[in-house]
Amino acid sequence: MSRRRTGSQGPVPSRATGVVLAALGALAACSADVQQPIGYNHDLHVNKLETPCETCHPGSKKGVVATLPSISVCSDCHGDPQGNSPEEAKVVEAVRANKEIGWVRLYELPRHVYFSHRRHVDVAQVACEKCHGPMAARTRPPPAALMTLTMNDCLECHTQRGASTDCDACHR
Amino acid sequence: MTESAKPAPRWGMVVDLDRCTGCQACTTACQIENNVAPSSAETADKGRSIRWMDQLPYMEGEYPNVKMRLLPRPCMHCDHPPCIKVCPVGATTKGADGIVAQIYSRCIGCRYCTTACPYTVRYFNWYEPTWPDDLAQTLNPDVFVRPRGIVEKCTLCHHRLQNAKDKAAAERRDLAPGEYSPACADICPTQAIAFGDLDDPHGEVFSQSRSPRVFRLLEDLGTEPKVFYLREGE
């Protein structure tokens, strides 16, 4: 008899877990104390250097999933040091070794929720801060997601903007 | 994100039994597309297999000239769905486009809906879903894997509609006819399954669903199913 196992979508939640997930919210941190491999400075990149979000998160405007930056994105600017920061030195080292930086994802949706960034950011012009909080002002990576959204937050915005509130518009 | 002023389409399906060869490709495509776990012999023995797109066997003709036929049977996505009325937690809903949806995170697994559905298209997950090794790597990431203890059913491949709507919105246009269709209709080698907006007078399903050959399953119950069949041999 062949070995059988559950699907590759990670652990299948129990019924109770599903209910709790729904109650806890649509967008939540996967862990409360996240240590990023590099002390990335959002404020410097976004506010001082005026880098748009989609430069490092290519799907955040034109894709369904925002995505975390690959090393090829960092290599566009950090092939050589731009300053004296020890954190930047780590990036330069990774670029030269062509080694991915293991960024830790902070914002995670339950698997039964469909969310498209392009629909919200590009079409509906929802600001990133609306769901992600003041990430652009951070000089150090936050240890947890800056906002925890519940389904009520989604519904409130959908109602205000006249978007669909059908269950199956977002659930899958 | 603002919805179009156009009336929502009423998605429906027409199965032409003259064209259907009973190959069951629709059943297989549905299982693969929607992460429906294959059942073991023991599970099947207990009548607990899950098949969103099932095949109903029926006899045709009189002895000795009889033939066995198969009738593809997805969820009927009724206009008056009995399953919605009995759900105590609102886990079953009908959207503006007529698709009867199952909200998995709300379902408490009471199985009232599996009893209420006259077409028996609703399936309770008696076990954790499992796949043989290789198949576990090929699950569709767009479809949630339903855990043990909740009810599931055909969604008309609703995730495909979400993707198609998203693409259309990003390109600042309405959804085009034919841009969204479920896996069963796409895979059918004889194009026996037509899918589209039942209210679109230019669409194939509009005329087919008004054909004199048309019938629906258990029509007298008043559930107004949106899956139509075209009878054979006339």
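Everything quoted here is computed from the prediction, not taken from an experiment. Here is how names work: the chains are called A, B, and so on, in the same order as the sequence lines, proteins then strands, and each is numbered from 1.
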Distance, nearest 0.5 Å, that separates CZ of A/Arg172 from CG of B/Asp142: 5.5 Å

Derivation and outcome, side chain to side chain contact (heavy atoms under 4.5 Å, CB included), residues B/Arg172 and A/Asp122: CA-CA 10 Å; B/Arg172 312 297 198 270; A/Asp122 186 32; 3.5 Å; yes

Greater than 12 external heavy atoms within 6.0 Å of A/Gln82's CD: yes

Atom pair CZ/CZ of A/Arg111 and B/Phe144 - distance to nearest 0.5 Å: 8.5 Å

Over 12 non-hydrogen atoms of neighbours within 6.0 angstrom of CG in A/Leu68: yes

Distance, nearest 0.5 Å, that separates CG of B/Asp166 from NE2 of A/His117: 11.5 Å

Distance, nearest 0.5 Å, that separates NZ of B/Lys167 from CZ of A/Arg119: 13.5 Å

Close side-chain approach of A/Asp166 and B/Lys94, heavy atoms under 4.5 Å: no

Heavy atoms of other groups near B/Glu219 CD, more than 12 under 6.0 Å: yes

Over 12 foreign heavy atoms within 6.0 Å of CD, A/Glu50: no

Any donor-acceptor pair under 3.5 Å from B/Gln162 side chain to A/Asp168 backbone: yes

Atom OH of B/Tyr112: over 12 foreign heavy atoms under 6.0 Å: no

Residue, of B/Ile103, B/Thr93, B/Leu161, B/Asn125, that accumulates the most heavy atom pairs under 4.5 Å with chain A: B/Ile103

Stepwise side chain to side chain contact (heavy atoms under 4.5 Å, CB included) test for A/His171 and B/His158: CA-CA 9 Å; A/His171 282 257; B/His158 183 261; over 6 Å; no

Pair A/Tyr114, B/Asn163: side-chain N/O donor-acceptor within cut-off below 3.5 Å: yes

